[in-house]
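Since the structure comes first, as structure tokens, the remarks are kept for the end.
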Amino acid sequence: MSDGAPVVHARGLSKRFGDFTAVDRLDLDIAKGEVVGFIGPNGAGKSTTIRMLCGLLRPSAGEAIVAGFDVARQPEAVRAHIGYMSQKFSLYADLTVAENLRFFGGIYRVPREELAARMRFAVTMAGLEGRETALVRTLAGGWKQRLALGCAILHRPPVLFLDEPTSGVEPKARRRFWDLINSLAADGVTILVSTHYMDEAEYCNRIVLIDGGRLVAAGSPTELRKHDLGGALFEMESATLGAALTVLRAAPGVVEAAIFGDRLHVLLAPAADPAALAPLLAARGIAAGPPMPITPSLEDVFVRLVSRHRAPEAA
Amino acid sequence: MFDRILAMLAKEFIELKRDRWAMVRLIAPLVIQLVIYGYAATFTVNHVSTAVLDLDNSQVSRALISHFVATGRFDIVDYPSSQAQFNRDINTGTAVAGIIIHAGFAKGFANGAGAPLEVAVDGTNSNTALIALGYVSQIVGVFEQERAPPAVGGGIGAAPRAVNISLQARPWFNEGLDDRWFFIPGVIGTLAMMQVISLTAFAVVREREMGTLEQIMVSPIGRVEFILGKTVPFFLIGFGDVALVTGLGALLFHIPFIGGPLVLMLGSTLFLLAAIGFGLLLSTQSRTQQQAFALNFFIVNPFFILSGFAFPIAAMPVALQWFTLINPLRYYIVILRAVFLKGVGVAVLWPDFLALFMLSAIMLVVSVLRFQKSLD
């Protein structure tokens with residue numbers, strides 16, 4: 001593999017299950033040492049794509065090269081060069097921390113003289129010092145997940161595929177996990193990580209947004225944030241979010257309205273007047289604060305991109 | 001190759017060790033079933049409840065009745081006074097067998113005109129009925145020989161006897177015709193099969209359900225390495241089963257073992273490989289442990305019934321006889337009985353060894369090929 005060539009390279013990658021197309025002609029390039037966040041709603045095709053890149057599923061069409069090997073033709077060579085964490089926790093619960101590491105060291109053929117050092121590294125990285133003899137079933141979620149990462153990198157793979165590794169893990173442990181991912185990337189490991197936590201997108205060098213098996217957008221968080229939403233974004237407070245949302249969606253000049261936590265985000269067409277919104281709500285007896293202009297977050301951009309992507313289908 | 005298999009084996013044995021109930025699950029069913037088969041499973045029929053309607057009421061008829069009682073095979077539970085009461089005894093199940101000694105029995109017996117005797121058995125349990133009938137004719141035959149006036153031809157029944165043939169039955173290999181000698185060797189095969197097929201059937205599907213199989217599939221471990229690592233422990237357990245049941249059988253039931261231990265080990269090896277092959281096929285085809293359980297049931301029961309363990313294969317319809325050709329237990333039971341009771345070796349048993357060898361080779365190759373390191 002020449003320097004500069006993408007470590008993960010996919011063209012027209014597709015997967016069909018019967019009549020259902022889970023992944024539709026996806027193109028993807030990931031450079032060495034890059035952390036790429038794979039973002040999209042549930043069922044967008046994130047797991048299916050990752051499984052194809054790992055050689056667990058055969059692509060229905062298209063091709064993918066991982067670490068220089070074709071996933072369809074050389075799956076075994078691909079497997080030797082990747083680390084994988086599946087969505088579901090998949091270590092042996094009845095084995096201790098050290099026994100799990102030793103097992104994966106064994107099946108990945110980590111040289112015996114190196115195994116002890118690498119196990120130590122994995123234990124330190126996962127913050128499991130002193131817990132080597134604890135049964136994995138007794139560990140809390142964050143530890144389990146860091147141990148799974150430790151098992152996945154024991155053979156020092158140049159590429160890591162992490163499928164929603166932080167789902168169901170508390171926020172503090174998630175942060176710590178992302179620090180690990182970034183330090184691995186700094187050592188030159190190429191990482192594709194899927195998540196449905198939008199805030200985690202900020203930790204990535206680049207984001208690939210997919211929906212319905214298709215690529216919606218790709219770029220760095222900064223690039224995506226600059227994305228033209230096609231209007232100005234305002235935030236509003238209201239005690240009756242649902243009722244307010246219904247009125248706003250039908251109001252003139254509103255391109256899109258959505259609930260974000262305990263507030264409303266309203267996208268207005270450039271020519272529309274934000275001051276017209278409050279009287280409109282008041283006329284229906286809905287109490288609401290004045291619209292405040294805000295800078296779009298990544299999540300605003302994703303919501304807009306996905307709904308714009310879906311719009312042609314609805315029409 | 002070996003380092004990966006060793007890693008698999010270490011993991012499997014640790015998991016087994018941590019499973020507190022594993023030893024109970026592995027040993028208890030064996031011992032329980034061995035004891036049940038050893039003590040309860042017998043074709044011998046004793047103490048058949050019997051009703052006797054003696055319409056002759058003579059010295060001879062009473063002598064015949066006491067002959068029945070003396071053997072211990074029949075317990076006379078009622079002396080009905082009428083045909084109607086006799087019928088009621090059989091109908092209600094008070095008696096399983098009934099003997100009617102018709103009027104004129106003593107007279108006919110004495111003058112050779114034929115002594116009328118009628119036997120009725122409850123055929124709902126055909127096995128017991130058949131065996132009881134056999135005893136009746138035996139007992140009557142002995143009675144006739146003892147009591148019949150030698151000068152006068154004839155006896156019970158109508159046909160006068162011209163030539164007197166006396167049969168000397170001598171069963172080889174099991175001279176006492178002890179049912180246990182027949183059952184216990186078969187029990188070894190049956191128990192080893194049930195244990196090994198079900199353990200193997202759950203082996204792969206359990207990892208599939210836990211999600212660990214996906215982690216294994218994405219590693220560079222070979223299919224053969226994975227399957228060997230998964231099955232070698234069950235092979236060893238199967239061997240332990242055979243040794244345990246053989247030992248207990250000899251100790252508790254004094255089953256002779258006159259053949260060569262090496263012949264038994266070779267036969268057991270081939271049989272266990274075939275059983276593992278079937279178990280693996282179930283395991284790789286099942287998505288859930290429940291499915292594996294159901295499939296296991298569908299395989300193990302027909303194999304058990306169609307093995308010749310209790311019911312002779314030669315008496316089965318031809319189609320089922322063909323089916324038994326793919327049943328590893330069929331061959332293993334032949335080998336077990338021959339090794340235990342006859343003491344013959346491979347020179348005689350080679351067709352069964354060959355069949356087991358082919359069966360295990362085919363099943364193992366097929367199940368390895370059916371196991372794909374992919375989620376498609």
Side-chain angles (χ1 to χ4, degrees), chain A residues 15-17 47-48 50-60 69 71-72 74-96 98-112 115 135-137 148 151-152 154-155 157 160-161 163, chain B residues 1-23 25 199 202-233 284 287-289 368-376:
Chain A
K15 182 68 188 177
R16 283 183 291 275
F17 297 104
S47 292
T48 307
I50 289 181
R51 284 172 167 175
M52 280 193 281
L53 294 174
C54 291
L56 282 175
L57 286 173
R58 265 188 92 80
S60 310
F69 303 100
V71 296
Q74 302 158 285
E76 286 301 330
V78 169
R79 286 180 186 123
H81 291 84
I82 60 165
Y84 170 65
M85 260 180 86
S86 71
Q87 218 167 359
K88 207 174 149 190
F89 175 75
S90 54
L91 297 183
Y92 292 94
D94 283 331
L95 263 56
T96 65
E99 284 162 351
N100 266 292
L101 286 166
R102 204 170 297 123
F103 171 68
F104 284 102
I107 65 169
Y108 277 101
R109 278 213 186 110
V110 173
R112 203 162 295 232
L115 186 60
L135 287 185
V136 164
R137 70 162 72 255
C151 289
L154 211 57
H155 57 295
L160 265 180
F161 293 107
D163 193 1
Chain B
M1 167 138 183
F2 280 112
D3 36 3
R4 284 192 183 137
I5 297 174
L6 282 180
M8 283 291 299
L9 287 180
K11 182 213 98 187
E12 293 292 326
F13 280 113
I14 294 170
E15 283 190 302
L16 201 63
K17 191 183 80 188
R18 297 270 153 78
D19 184 352
R20 242 174 265 169
W21 288 98
M23 279 302 135
R25 276 205 321 272
L199 282 175
F202 287 113
V204 180
V205 74
R206 186 159 162 265
E207 293 221 18
R208 193 189 296 276
E209 269 193 357
M210 289 197 319
T212 47
L213 189 63
E214 195 169 326
Q215 205 64 49
I216 296 271
M217 280 177 171
V218 83
S219 84
I221 193 170
R223 290 188 290 185
V224 174
E225 292 168 328
F226 174 72
I227 286 192
L228 272 179
K230 283 279 2 152
T231 52
V232 165
T284 50
R287 295 277 130 195
T288 62
Q289 296 195 61
V368 169
L369 290 180
R370 296 288 302 181
F371 175 69
Q372 293 292 335
K373 278 176 69 182
S374 119
L375 298 170
D376 276 293

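These figures come from a predicted structure and were not determined experimentally.
Using a 4.5 Å cut-off on side-chain heavy atoms (C-beta onward), Tyr108(A) and Arg4(B) make no contact. Annotation: side chain of Arg79(A) is in contact with side chain of Lys373(B) (closest heavy-atom distance under 4.5 Å). Residues Lys11(B) and Arg102(A) have side chains not in contact (no heavy-atom distance under 4.5 Å, counting atoms from C-beta outward). Looking only at side-chain heavy atoms (C-beta outward), Ser219(B) and Phe104(A) stay at 4.5 Å or farther from each other.
When all heavy atoms of Cys54(A) and Val218(B) are compared, the pair lying nearest together is CB-CG2, 3.6 Å. Of all heavy-atom pairs between Ser90(A) and Gly211(B), the closest is CB-O, 3.1 Å.
A distance of 10.0 Å separates CZ of Phe103(A) from CD1 of Ile14(B), quoted to the nearest 0.5 Å. Taking CG of Leu57(A) as the start and CE of Met217(B) as the end, the distance is 10.0 Å to the nearest 0.5 Å. Here the CG atom belonging to Leu375(B) is positioned 4.5 Å from the CG atom belonging to Leu56(A), to the nearest 0.5 angstrom. Between Leu95(A) atom CG and Thr212(B) atom OG1 the span is 10.5 Å, to the nearest 0.5 Å.
With Glu214(B) as the fixed residue, the side-chain contact (heavy atoms from CB on, under 4.5 Å) test singles out one of Arg51(A), Gln87(A), Lys88(A): Arg51(A).
When heavy atoms are compared at a cutoff of 4.5 Å, Phe161(A) does not approach chain B at all. Within the 4.5 angstrom heavy-atom criterion, only side-chain atoms of Ile82(A), from C-beta onward, approach chain B. No part of Gln372(B) comes within reach of chain A, as not one of its non-hydrogen atoms sits under 4.5 angstrom from that chain.
Residues satisfying the side-chain contact (heavy atoms from CB on, under 4.5 Å) criterion with Ser374(B), sequence neighbours excluded, are Asp376(B). Remark: Thr284(B) engages no residue in a side chain to side chain donor-acceptor pair (under 3.5 Å) (not counting sequence neighbours). Applying the salt bridge (charged side-chain N to carboxylate O under 4.0 Å, His left out) test to Arg223(B) and every residue at least two apart in sequence or in another chain returns nothing.
Applying a 4.5 Å heavy-atom cutoff, the residues of residues 15-22 of chain B that approach chain A are Glu15(B), Arg18(B).
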Inset, instruction - Assess whether side chain to side chain contact (heavy atoms under 4.5 Å, CB included) is satisfied between Met85(A) and Gln215(B), documenting all intermediate values. - result: CA-CA 7 Å; Met85(A) 260 180 86; Gln215(B) 205 64 49; 5.6 Å; no
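Counting heavy-atom pairs closer than 4.5 Å to chain B, the top-ranked of the candidates Ala152(A), Ala148(A), Gly106(A) is Gly106(A).
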